[in-house]
Amino acid sequence: MANNNDNIVAAGETEAQKARLLKQMDTTMVQKLAFASAHFQLHDGARILDIGCARGKGSYHIAALNPRLQVVGMDYDRRYIDEARETYKLPNLSFIQGDARQLDLGGQTFDAIFNSSVMHEIYSFSGYDEGALTAALQSQLDHLKPGGIILLRDFMKAADPGAMVYLDLPPPRTATGDRPEQMSYAALLRFYAQIADTLKPEALRGFFLEDVGDLPDGWRRFYLSQDRAYEFIWRKEYRDRFEPESREKYAVWTERQYRDIPESLGARVVYTAPYRNPWIVKNWHQDKFRLYDRNMRPLPGPPANFNAIVQKAAPGERRRVYE
């Protein structure tokens with residue numbers, strides 16, 4: 001998915017595909033990072049760890065936006081770290097190699113840790129294991145100073161992901177082919193239903209999809225779970241890297257889990273909220289799909305992402321914060 005991270009390298013994904021992804025990120029990166037930085041109300045000299053920094057451009061922007069803070073970019077790929085060190089140089093910026101699934105940073109601690117589209121990659125490339133997410137979050141808390149902040153920016157499951165919905169897709173506007181970048185939305189959904197979660201054993205890949213048929217206005221209707229409808233809507237525009245992206249499961253936690261899981265580890269959840277990016281709504285949602293519940297009541301599309309602010313409580317301190 002387009003984000004400012006490439007924390008774990010997807011098998012079979014080419015360097016050219018990753019380069020195109022990073023180019024796509026540039027158009028909205030400063031906006032995303034300015035929004036993230038607003039949540040880091042830190043003292044001068046405070047240290048931020050940017051997990052999954054890829055080639056370092058996001059970490060560079062955080063450092064440039066916050067010159068009084070020390071920013072450390074971290075990525076799993078040593079080549080990216082070497083490139084980041086060569087390309088981006090600021091007095092308050094450095095880079096390290098590390099694995100987000102289990103941090104081992106030689107006793108270093110931080111005032112803030114930034115995760116942008118990191119958690120779903122940890123889940124996907126750990127065998128679709130939710131326990132890996134809990135372990136990764138605990139590892140981050142272990143490297144966070146008391147009172148420090150973790151910002152989680154990722155996707156959000158529907159409250160009832162197994163609920164069945166209807167998804168209508170428009171007819172093709174141009175000639176179609178048999179490659180993802182040439183397919184109509186309807187053909188792409190059928191293809192996705194066959195190849196989803198390809199890191200699983202072959203018998204467990206894909207998902208249930210019923211092709212209901214054509215509608216009078218030329219659109220085509222499908223019946224599937226809300227969870228998979230969300231997954232398709234999020235990735236349908238990433239045509240040139242659709243197959244590598246289909247290995248990943250984007251939405252891992254529901255809104256409730258974004259609170260319950262950090263709190264189960266003794267952390268304080270200060271803020272949670274979905275975010276509906278106006279550009280995505282205008283360009284990737286409007287006239288691109290119609291979503292209904294089983295009773296044909298219209299449903300909104302999925303939020304672009306979900307934000308959660310998690311704070312490490314001081315020893316012996318426990319509070320539960322409600323909005």
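Residues: numbered from 1 along the sequence shown.
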With a cut-off of under 6.0 Å to the ring centre and 45° to the axis, is [X] in cation-pi contact with [Y]?
X    : Y    : value
R235 : Y250 : yes
R247 : F125 : no
K145 : F110 : no

Those residues that, when tested against F222, pass ring-ring contact (aromatic ring centres under 6.0 Å, His included) (two or more places apart): none
Between [X] and [Y], does any side-chain N to carboxylate O distance fall below 4.0 Å?
X    : Y    : result
R205 : D197 : no
R179 : D240 : no
D211 : R190 : yes
D214 : R220 : yes
R290 : D217 : yes

[atom1]/[X]: more than 12 non-hydrogen atoms of other groups inside 6.0 Å:
X    : atom1 : value
F95  : CZ    : yes
R256 : CZ    : no
Q286 : CD    : yes

Gap separating the [atom1] atom of [X] from the [atom2] atom of [Y], nearest 0.5 angstrom:
X    : Y    : atom1 : atom2 : result
S139 : L105 : OG    : CG    : 7.5 Å
D50  : I96  : CG    : CD1   : 10.5 Å
K288 : K236 : NZ    : NZ    : 5.0 Å
D154 : W253 : CG    : CH2   : 9.0 Å
R239 : E181 : CZ    : CD    : 8.5 Å
S246 : L188 : OG    : CG    : 7.5 Å

[X] side chain to [Y] side chain, donor-acceptor N/O pair below 3.5 angstrom:
X    : Y    : value
R47  : Q108 : yes
Y258 : E263 : no
Q226 : D293 : no
E248 : H120 : yes
R294 : Y223 : yes

Sole residue of I113, V310, D111, I149 in side-chain contact (heavy atoms from CB on, under 4.5 Å) with L144: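 So, applying the side-chain contact (heavy atoms from CB on, under 4.5 Å) to L144 and each of I113, V310, D111, I149, only I113 qualifies.
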Flag, side chain of R78 to backbone of Q97, donor-acceptor distance under 3.5 Å: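 Not confirmed, R78 side chain does not pair with Q97 backbone.
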W219 (side chain) donor-acceptor with F289 (main chain) under 3.5 angstrom: no
Check against side chain to side chain contact (heavy atoms under 4.5 Å, CB included), H285 and I233: CA-CA 8 Å; H285 287 195; I233 291 168; 3.8 Å; yes
Worked verdict on T134 versus I261 for side chain to side chain contact (heavy atoms under 4.5 Å, CB included): CA-CA 7 Å; T134 303; I261 293 174; 4.0 Å; yes
Salt bridge (charged side-chain N to carboxylate O under 4.0 Å, His left out) between K249 and D227, intermediate numbers included: CA-CA 10 Å; K249 181 69 167 60; D227 182 49; 3.0 Å; yes
[X] vs [Y] aromatic rings, parallel, tilted or perpendicular, using cut-offs 30° and 60°?
X    : Y    : value
F232 : Y185 : perpendicular
Y192 : F242 : perpendicular
W284 : W279 : perpendicular

Hphob cluster co-occupancy, L167 + M164, side-chain heavy atoms under 4.5 angstrom: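 L167 and M164: separate clusters.
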With sequence neighbours excluded, residues passing side-chain contact (heavy atoms from CB on, under 4.5 Å) with D104: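 side-chain contact (heavy atoms from CB on, under 4.5 Å) list for D104, sorted by chain: empty.
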Please list every donor-acceptor pair under 3.5 Å in which a side-chain atom of residues 86-93 meets a protein atom from a residue at least two apart or in another chain.
from: T87; atom 1: OG1; to: E83; atom 2: O; distance (Å): 2.8
from: K89; atom 1: NZ; to: R85; atom 2: O; distance (Å): 2.9
from: N92; atom 1: ND2; to: A63; atom 2: O; distance (Å): 3.1
from: N92; atom 1: ND2; to: N66; atom 2: O; distance (Å): 3.2
from: N92; atom 1: ND2; to: L69; atom 2: O; distance (Å): 2.8

